[in-house]
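In what follows, every chain begins at residue 1, and chains take the letters A, B, ... in the order their sequences are listed.
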There are 2 protein chains.
Amino acid sequence: MGVREESNERRRGDILDAAERIVSEKGIGHLNIRDVARASGCSTGTIYTHFADLDALALHVNARTLSRLAGALDTIEREDGGSGIAGQLCAMAYAYMDFAAGHYHAWSALFEHRMSRPLPDWHREDHFRLFRRIAGKLQMLHPGLPDEAAFLQARTLYAAIHGIVSLGIADRLGRLPDETLREQIRAVVLKLVS
Amino acid sequence: MGVREESNERRRGDILDAAERIVSEKGIGHLNIRDVARASGCSTGTIYTHFADLDALALHVNARTLSRLAGALDTIEREDGGSGIAGQLCAMAYAYMDFAAGHYHAWSALFEHRMSRPLPDWHREDHFRLFRRIAGKLQMLHPGLPDEAAFLQARTLYAAIHGIVSLGIADRLGRLPDETLREQIRAVVLKLVS
DNA sequence: AAAAATATTGAACATTGTTCGATAATAAGT
DNA sequence: ACTTATTATCGAACAATGTTCAATATTTTT
């Protein structure tokens, strides 16, 4: 790789790093071109040679967040606590909740981000990978469940848990105590995967 | 009421009407002071004598939307289809889905709106009234269920359904066919209220 | 009718996303 | 090695938008 490409990659990484830091510290609402430029040591114009626009930059920050989230769920998945598949799904739901609480700004950026236009395929795929992992677990619980049905149920389970976590953790309607939220999640997961 | 108050109320109503139209036709992302001023026939400055800022205006639009949503659920609640309480809860969830699909922009404005700061009490109360209605139904299904538990479960049920509808209807990850979504919702409601 | 209170206006300011011509740095060609 | 072409960077400028405020018009009070 030439000097050119290397320098480009470093610059792009620096910009993304700066944007990521801003989002996770202050929320996506405080992400703006000038602050990113200042924090990554370049001009506003340069950002536009590495990202199409601010939206694209935010999208890539979200992709990183989603990847960290997938990593957190991976960890749970590997350490089988011996509580069976349903218990593992509960643990994954807890991990989702903990991630949302522990990386609140980054997590909420995943959803605060403009609902307006559809996400690019590569980012949808990031989400779908998550669904597929859950679908696999559901198939372990219900042998013979067709792929498509498993995927659909996984999506529904994920959506339900997301809704509960979202409403419980976001300040919009007042936060629920962690323990209460955990109980609700456990009850819902167990009922939905039964 | 003097001429002054009347004129004030009319003006405030006109502004809110204009804002509501813009939100429901183009989405909250296209709500801006100048367009509202033009559409309601006044200057930008005047808007600020009737609403604290654009955020407050959006909030009042959302309050109207929530009130229409409550009305839609009310209708379902009154026309007992004879399918029992659980069936009624399903019907309410369908109504929620239909409202979201039928008034997509207005509905998504309820949630696209800045998660950042907590909602004012009067608007939280609008949501809580909804929860209480559902809680009442849950208590009919489970006589003896304490108010607090019923409220909590109602909130969870609402959140879960919202998550499912949200992920299914928003274009973000691709829409689900209405029938598929309806089946998922039915299954979830029945499992969660059991 | 005069004075006080209130509402409205629209120009002005601040912030922010984005573009673009000028300039600098690198790569390719000879 | 020198020239030319390509690419990256800068930062000033533009457009859109939220918000304020002094000036003006309107309504109420005295």
Side-chain angles (χ1 to χ4, degrees), chain A residues 1-23 25-62 105 109 112-117 120, chain B residues 1-23 25-62 105 109 112-117 120:
Chain A
M1 181 178 327
V3 173
R4 201 64 169 267
E5 278 97 342
E6 254 180 40
S7 149
N8 270 345
E9 282 198 2
R10 189 171 27 237
R11 174 75 71 176
R12 187 185 157 95
D14 288 347
I15 292 172
L16 202 41
D17 288 345
E20 195 176 15
R21 195 152 0 110
I22 291 173
V23 167
E25 283 173 8
K26 312 205 263 188
I28 202 174
H30 286 84
L31 185 70
N32 71 73
I33 290 289
R34 283 172 177 80
D35 284 350
V36 172
R38 206 171 354 253
S40 61
C42 69
S43 71
T44 63
T46 290
I47 305 220
Y48 286 86
T49 68
H50 292 275
F51 295 91
D53 51 22
L54 188 65
D55 226 57
L57 182 53
L59 214 58
H60 283 268
V61 170
N62 280 349
H105 286 312
E112 266 184 66
H113 194 238
R114 290 251 136 290
M115 271 181 170
S116 50
R117 36 191 118 280
Chain B
M1 179 179 333
V3 172
R4 201 63 168 267
E5 279 97 341
E6 252 180 42
S7 148
N8 271 346
E9 282 198 1
R10 189 172 26 236
R11 179 50 60 86
R12 187 184 156 96
D14 288 347
I15 292 172
L16 203 42
D17 287 345
E20 196 177 14
R21 201 162 0 159
I22 290 172
V23 168
E25 283 174 7
K26 312 206 263 187
I28 202 174
H30 286 83
L31 185 70
N32 73 73
I33 290 289
R34 284 174 177 78
D35 284 351
V36 172
R38 204 170 356 251
S40 62
C42 69
S43 71
T44 65
T46 289
I47 305 222
Y48 286 86
T49 68
H50 293 274
F51 296 91
D53 51 22
L54 189 65
D55 227 56
L57 181 53
L59 214 58
H60 283 269
V61 170
N62 281 348
H105 287 312
E112 266 184 65
H113 196 237
R114 289 251 136 290
M115 270 180 170
S116 51
R117 34 191 122 280

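- Here the P atom of nucleotide dA16(D) and the CZ atom of Arg38(B) are 11 Å apart, to the nearest Å.
- dT9(C) atom C1' lies 13 Å from atom CZ of Arg34(B), rounded to whole Å.
- Listed nucleotides: dG10(C), dT16(C), dG18(D). Nearest to the side chain of Tyr48(B): dG18(D).
- Taking atom CG on Asp35(A) and atom C1' on dA14(C), their separation rounds to 14 Å, with Å as the unit.
- Put simply, CG on Asn32(A) is 13 Å from C1' on dA14(C), counting in whole angstrom units.
- Straight-line distance from the CD1 atom of Ile47(B) to the P atom of dT9(C): 10 Å, rounded to whole Å.
- As rounded to whole Å, 16 Å separates atom C1' of dA25(C) from atom CD of Glu6(A).
- Nearest heavy-atom pair, Ala18(A) versus Val36(A), reported as atom, atom and distance to 0.1 Å: CB-O, 4.1 Å.
- Put simply, His50(B) has no side-chain N or O that comes within less than 4.0 Å of OP1 or OP2 on dA7(C).
- Inter-residue side-chain proximity for Arg34(B) and Thr44(B) is flagged as met; some heavy-atom pair is nearer than 4.5 Å.
- Atoms CZ (Arg10(A)) and P (dT7(D)) sit 20 Å apart, rounded to a whole Å.
- Counting to the nearest Å, the P atom of dT17(D) and the CD1 atom of Ile28(B) are 15 Å from each other.
- For the atom pair CZ (Arg10(B)) and CD (Glu6(B)), the distance works out to 6.5 Å, reported to the nearest 0.5 Å.
- Look at Asn8(B) and you'll find a side-chain N or O under 4.0 angstrom from OP1 or OP2 of dA7(C).
- Using a 4.0 Å heavy-atom cutoff across all strands shown, Ile33(A) reaches at least one base atom of the nucleic acid.
- His105(A) and Val23(A) make their closest contact through CB-O, 3.1 Å (heavy atoms, listed as atom of the first residue, atom of the second, distance).
- Within the 4.0 angstrom heavy-atom criterion, only backbone atoms of the sugar-phosphate kind lie near Leu31(A); the bases stay farther away.
- The nucleotide whose nearest atom lies closest to any side-chain atom of Ser43(A) is, among dC10(D), dT19(D), dT9(C), dC10(D).
- Both Thr49(B) and Thr46(A) lie close to DNA chain C; mapped to their nearest nucleotides by heavy-atom distance, the more 5′-ward contact belongs to Thr49(B).
- Salt-bridge check for Asp35(B) with Arg38(B): passed, with a basic side-chain N closer than 4.0 Å to an acidic carboxylate O.
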